[in-house]
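Contents: one structure, followed by commentary.
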Protein chains: 2
Amino acid sequence: MAQGHSDNLLFLTDEQLRRAIEAMFFAYRGFTADPDRILSGMNYGRAHHRAIHFIHRTPGTTVNNLLSVLGVTKQSLNRVLRTLVEDGLVDSRVGTRDRRERHLHLTDAGEALERELSDAQRARMRAAFREAGPAAVSGFREVLEHMMDPELRRYFAAVKEGER
Amino acid sequence: MAQGHSDNLLFLTDEQLRRAIEAMFFAYRGFTADPDRILSGMNYGRAHHRAIHFIHRTPGTTVNNLLSVLGVTKQSLNRVLRTLVEDGLVDSRVGTRDRRERHLHLTDAGEALERELSDAQRARMRAAFREAGPAAVSGFREVLEHMMDPELRRYFAAVKEGER
DNA sequence: CAAATTACGTCAGCCTTGTTGACATTCCAA
DNA sequence: TTGGAATGTCAACAAGGCTGACGTAATTTG
């Protein structure tokens with residue numbers, strides 16, 4: 001069965017793969033365009049968006065957790081978190097079990113911004129999905145998952161399991 | 001028929017769309033990981049990779065053309081192009097028809113680096129495609145295309161036409 | 001032909017977001 | 001109890017975006 005796939009994929013030439021690479025590049029630009037527009041002019045950037053997104057997804061997460069998901073250094077993340085805390089979008093609470101840790105939550109204002117960003121991004125995603133059709137959507141998700149680094153893919157799959 | 005799609009997509013909840021957003025984020029990290037690794041330590045970054053990629057794709061392209069495809073300012077692109085020309089990876093030739101223009105080509109060394117970067121990126125893409133299967137691949141490309149900004153999508157589609 | 005426009009390059013300065021290095025605090029285990 | 005490991009913060013730097021201003025050459029237009 002895996003062999004059958006390989007056979008079919010002989011028709012994917014290097015040129016077609018290059019096209020797919022460009023499609024990924026252009027699509028990612030579209031993917032980030034709406035949040036970028038919202039954030040520009042309010043002193044925030046993509047890094048803030050990512051932090052806000054993942055704090056929303058896993059409330060109470062620690063800085064270290066966030067670090068490994070975002071794939072940046074703690075110093076880099078810290079700068080972003082500091083401004084978000086200062087501006088009252090994120091609440092950073094000293095851990096009770098381990099007081100070295102900081103547990104992160106979105107404030108009401110943080111949730112509001114998260115929703116604004118997420119609404120815009122989901123709207124584009126939903127439109128693309130609607131135009132492409134349901135079969136395309138599942139293929140899309142399948143390929144994306146296989147393009148991730150194995151470690152991140154495990155994390156991603158783990159979240160999926162947890163949701164059921 | 002479009003209505004039929006909409007009906008099916010009612011099952012795509014906001015939560016599922018958020019998952020797709022994360023998948024896109026993680027997958028893009030994988031997508032750029034290999035070229036990033038190759039380029040780190042040789043004074044180049046993603047910006048150089050993009051320039052090299054598109055000069056390879058459209059040899060003889062002008063600075064202005066490249067600008068609109070990459071979506072950056074000329075000052076930003078110029079910094080990148082200058083180092084590439086200085087290092088002998090890109091050749092910048094004064095236009096013959098319009099001598100204000102500079103036509104960009106990869107040198108042999110530039111083509112060699114392009115191949116190295118492209119090989120790595122295509123290998124990952126090919127592996128993901130093989131694991132996901134042919135049906136998933138066409139869905140993937142379909143969705144990506146619909147996620148682009150309309151202008152870029154027209155450009156993308158135009159290249160496709162030109163290739164037949 | 002003169003003037004406006006276009007294409008490109010460059011300088012200066014700023015912002016975001018990545019990096020390393022140094023350091024304080026807290027916890028845990030020898 | 002003390003030394004090491006883990007967590008998080010501060011400082012400084014680099015890459016690569018951005019805007020604004022300007023210069024130069026070539027082309028187009030009135």
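All of these numbers come straight from a predicted model, not from anything done at the bench. Residue numbers begin at 1 in each chain, while the letters A, B, ... track the order of the sequences.
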message: Over all strands shown, is A:R79 touching base, sugar-phosphate only, or nothing at heavy-atom distances under 4.0 angstrom?
response: base
message: The side chain of B:N78 is closest to which nucleotide in this list: C:dT19, C:dT10, D:dC10?
response: C:dT10
message: Need to verify one output field. Residue with the more 5' nearest nucleotide on DNA chain D, B:K74 or B:V80?
response: B:V80
field: Between C:dA7 (C1') and B:L77 (CG): distance, integer Å
entry: 13 Å
message: Classify the ring geometry of A:H53 against A:H49: parallel below 30°, tilted from 30° to 60°, perpendicular beyond 60°.
response: perpendicular
First encountered from the 5' end of DNA chain C, between A:R97 and A:S76: A:S76
task: Indicate whether OP1 or OP2 belonging to D:dC10 is found under 4.0 Å from a side-chain N or O atom of A:R82.
output: yes
message: Just to be sure I understand the rule, does B:G71 reach a base, reach only the sugar-phosphate, or reach nothing, if contact means heavy atoms closer than 4.0 Å?
response: sugar-phosphate
task: Could you say whether A:D98 or B:R102 is positioned toward the 5' end of DNA chain C, judged by the nucleotide with the nearest heavy atom to each?
output: B:R102
field: No-H, no-angle donor-acceptor pair, A:Q75 side chain to C:dG21 base, under 3.5 Å
entry: yes
query: Is the NZ or CZ atom of A:R141 positioned over B:F140's six-membered ring, under 6.0 angstrom from the centre and within 45° of the axis?
result: no
- prompt: Just to confirm, is there a sub-4.0 Å distance from OP1 or OP2 of D:dC18 to any side-chain nitrogen or oxygen of B:T73?
  reply: yes
task: With heavy atoms under 4.0 Å as the rule, sort B:H48 into base, sugar-phosphate or nothing.
output: sugar-phosphate
query: Where does the angle between the aromatic ring planes of A:F54 and B:F25 fall among parallel (under 30°), tilted (30 to 60°) and perpendicular (over 60°)?
result: tilted
